[in-house]
Amino acid sequence: MSFISEEPHKISDLQEEGKNAINAPLQPSSTDLLPEDTLLEENAERTMLDPTSRDSPRFKELQKVLIDWVNNELEEERIIVKDLEEDVYDGQVLQKLFEKLSGRKLNVAEVTQSEIGQKQKLQMVLEAVNEHLRPHGWAIEWSVDSIHSKNLVAIVYLLVALCMHFQAPIRLPEQVSVQVVVVKKREGILQTSHVTKELTSTTEMMMGRFERDAFDTLLDHAPDKLNVVKKSLITFVNKHLNKLNLEVTELESQFADGVYLVLLMGLLEDYFVPLYNFFLTPESFEQKVHNVSFAFELMQDGGLKKPKARPEDVVNLNLKSTLRVLYNLFSNYKDSE
């Protein structure tokens with residue numbers, strides 16, 4: 001009986017091969033092509049991860065680091081991600097992750113099973129993500145269709161961008177690249193090409209540290225001198241903030257919401273900052289970023305150069321970024337009364 005049951009499958013396979021041969025005239029012989037590629041419209045293209053890259057140890061390591069990070073962030077939500085392709089495509093995980101990282105609640109359906117509902121939700125989530133990332137120079141290497149179709153490269157691109165933008169306390173594998181196969185249809189003929197996609201570069205490049213300065217050296221090699229610098233800066237800021245009965249003891253945390261930075265600029269430049277220009281008691285990540293960004297604008301209005309640090313770095317308690325900002329103020333206003 002087993003021999004009889006196998007025969008129809010053989011005939012069916014032969015018919016399928018013949019059908020594909022007819023539908024794809026002059027199609028190049030390539031293991032990269034799939035039968036559904038013959039259904040591509042003229043000038044359309046499809047991308048997929050090269051099998052060799054999929055099995056790359058470094059690419060697998062990057063996926064594992066991202067999965068562990070997402071699971072750690074969403075531990076309170078009782079969400080467990082095991083596979084990026086299967087667990088991220090519908091938008092549920094991305095929604096919860098972005099809400100946690102940004103402190104912003106998205107007005108989207110919690111759970112939806114239909115493909116249309118999933119895509120609608122995913123579109124709203126990605127619009128919020130893109131709106132947040134694009135002003136900071138991030139290239140948008142993903143789309144609703146690519147994420148929902150479980151395009152692993154697009155999913156990894158997105159997670160790496162979120163991880164770096166929100167200064168996740170993890171270390172991503174450096175210089176991970178993958179080969180992507182691009183299938184295009186030109187005049188009825190399928191053409192394939194390979195494109196290299198860089199998913200991560202060096203840690204310094206990803207963190208925006210294109211040059212080392214005195215604070216890199218202090219943090220890496222001279223912690224004793226770093227404490228002297230911190231004490232000097234605390235003395236400087238308290239000299240002015242004490243006028244408002246405010247006092248700083250921890251540089252990393254007390255400037256993170258931007259309030260003291262805004263008030264300090266008003267004191268240094270001798271003007272009152274209207275309370276409607278900033279959040280006096282910020283609650284969300286975005287409100288804190290607004291405050292720090294506003295303080296940076298006041299610094300530039302006062303003739304200072306634009307701070308090297310990003311507002312998000314200060315909000316995320318990045319000591320080096322906070323020190324750079326405060327030292328810039330100290331250098332320009334240390335003789336101010």
Side-chain angles (χ1 to χ4, degrees), residues 32-56 58-60 62-67 69-70 81-99 101-102 106 108-109 112-166 172 176-186 190-201 206:
D32 297 331
L33 299 180
L34 299 174
E36 57 262 33
D37 290 327
T38 62
L39 302 178
L40 283 174
E41 296 182 1
E42 184 66 20
N43 296 321
E45 67 177 47
R46 185 176 71 85
T47 61
M48 53 189 167
L49 183 61
D50 184 273
T52 304
S53 290
R54 180 179 287 276
D55 296 331
S56 162
R58 290 185 56 73
F59 184 50
K60 287 185 175 180
L62 176 58
Q63 292 178 69
K64 183 181 184 305
V65 171
L66 291 172
I67 288 173
W69 168 61
V70 172
V81 172
K82 296 181 179 179
D83 183 282
L84 294 181
E85 288 172 295
E86 296 300 327
D87 297 338
V88 175
Y89 77 96
D90 63 358
Q92 179 73 6
V93 169
L94 288 175
Q95 174 204 343
K96 295 299 183 182
L97 181 63
F98 181 68
E99 288 180 339
L101 296 173
S102 67
L106 301 181
V108 296
T112 178
Q113 298 297 330
S114 70
E115 180 178 343
I116 294 178
Q118 288 175 352
K119 284 191 171 183
Q120 288 175 340
K121 173 174 182 170
L122 186 58
Q123 181 171 352
M124 294 178 69
V125 173
L126 291 184
E127 283 177 355
V129 170
N130 297 347
E131 183 182 304
H132 194 92
L133 295 183
R134 191 177 282 113
H136 299 281
W138 290 100
I140 307 302
E141 298 278 358
W142 52 84
S143 65
V144 173
D145 287 336
S146 64
I147 298 294
H148 195 266
S149 63
K150 305 179 183 180
N151 183 314
L152 185 56
V153 175
I155 292 171
V156 170
Y157 258 129
L158 173 55
L159 292 177
V160 167
L162 289 172
C163 178
M164 299 311 305
H165 180 76
F166 288 104
L172 294 176
V176 178
S177 297
V178 293
Q179 288 282 314
V180 173
V181 181
V182 181
V183 183
K184 298 181 180 179
K185 196 168 191 177
R186 296 287 185 271
L190 293 176
Q191 304 172 346
T192 64
S193 60
H194 285 72
V195 178
T196 300
K197 294 285 189 178
E198 183 185 73
L199 299 173
T200 66
S201 55
M206 290 188 289

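Heads up: numbering here begins at 1 and tracks the sequence. Bear in mind that the values here come from a model prediction, so they are computed numbers and not experimental data.
Put simply, CG on L97 and OG on S102 are 9.0 Å apart, with the number rounded to the nearest 0.5 Å. The CE atom of M164 sits 9.0 Å away from atom OG1 of T200, with the distance rounded to the nearest 0.5 Å.
Between S53 and L49, the shortest heavy-atom distance links the atoms CB-CD1, 3.9 Å. When all heavy atoms are compared, the tightest approach of Q123 to V144 is CA-CG2, 3.6 Å. For the pair G91 and L122, the tightest heavy-atom approach, listed with the atom from each and the gap, is CA-CD1, 3.7 Å. The shortest non-hydrogen separation linking Y89 to I147 is CB-O, 3.2 Å. For the pair K82 and D87, the tightest heavy-atom approach, listed with the atom from each and the gap, is N-OD2, 2.7 Å.
Taking the side chain as every heavy atom from C-beta outward, V183 and M48 approach each other to under 4.5 Å. Side chains of V178 and D50 form no contact here, defined as non-hydrogen atoms less than 4.5 Å apart. Here the side chains of I140 and L126 are not in contact, with every heavy-atom distance at 4.5 Å or above. Contact of the L190 side chain with the K184 side chain is not registered, since no non-hydrogen atoms from C-beta on lie closer than 4.5 Å.
Applying the side-chain contact (heavy atoms from CB on, under 4.5 Å) criterion to I67, with sequence neighbours excluded, gives N71, V81, L84. Q118 meets the side-chain hydrogen bond (donor to acceptor under 3.5 Å, both in side chains) test with H148; sequence neighbours excluded. Remark: T196 engages S177, Q179 in a side-chain contact (heavy atoms from CB on, under 4.5 Å) (not counting sequence neighbours). Partners of Q120 under the side-chain contact (heavy atoms from CB on, under 4.5 Å) rule, at least two apart in sequence or in another chain, are I116. Among residues two or more places apart in sequence or in another chain, the salt bridge (Lys or Arg N to Asp or Glu O under 4.0 Å) test is passed with K60 by none. For K119, the salt bridge (Lys or Arg N to Asp or Glu O under 4.0 Å) partners at least two apart in sequence or on another chain are E115, D145. With sequence neighbours excluded, the residues forming a side-chain hydrogen bond (donor to acceptor under 3.5 Å, both in side chains) with S146 are S143, listed by chain and number. The ring pair (Phe, Tyr, Trp, His ring centres under 6.0 Å) test applied to F98 returns H132, not counting sequence neighbours. By the side-chain contact (heavy atoms from CB on, under 4.5 Å) test, S193 pairs with V182, sequence neighbours left out. Under the rule for a side-chain hydrogen bond (donor to acceptor under 3.5 Å, both in side chains), S114 has no partner lying at least two apart in sequence or in another chain. The side-chain hydrogen bond (donor to acceptor under 3.5 Å, both in side chains) check on E86 picks up K150, with sequence neighbours excluded.
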Working for side chain to side chain contact (heavy atoms under 4.5 Å, CB included), residues L94 and L159: CA-CA 9 Å; L94 288 175; L159 292 177; 4.1 Å; yes
Can L199 and F59 be said to form a side chain to side chain contact (heavy atoms under 4.5 Å, CB included), step by step? CA-CA 9 Å; L199 299 173; F59 184 50; 3.5 Å; yes
Apply side chain to side chain contact (heavy atoms under 4.5 Å, CB included) to residues D90 and K121 and explain how you reach the verdict. CA-CA 8 Å; D90 63 358; K121 173 174 182 170; over 6 Å; no
Test side chain to side chain contact (heavy atoms under 4.5 Å, CB included) on L162 and W69 and set out the steps. CA-CA 11 Å; L162 289 172; W69 168 61; 4.1 Å; yes
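Among pairs with a residue in residues 127-142, none fulfils salt bridge (Lys or Arg N to Asp or Glu O under 4.0 Å), at least two apart in sequence or across chains.
Remark: the W142 side chain and the N130 side chain contain an N/O donor-acceptor pair separated by less than 3.5 Å.
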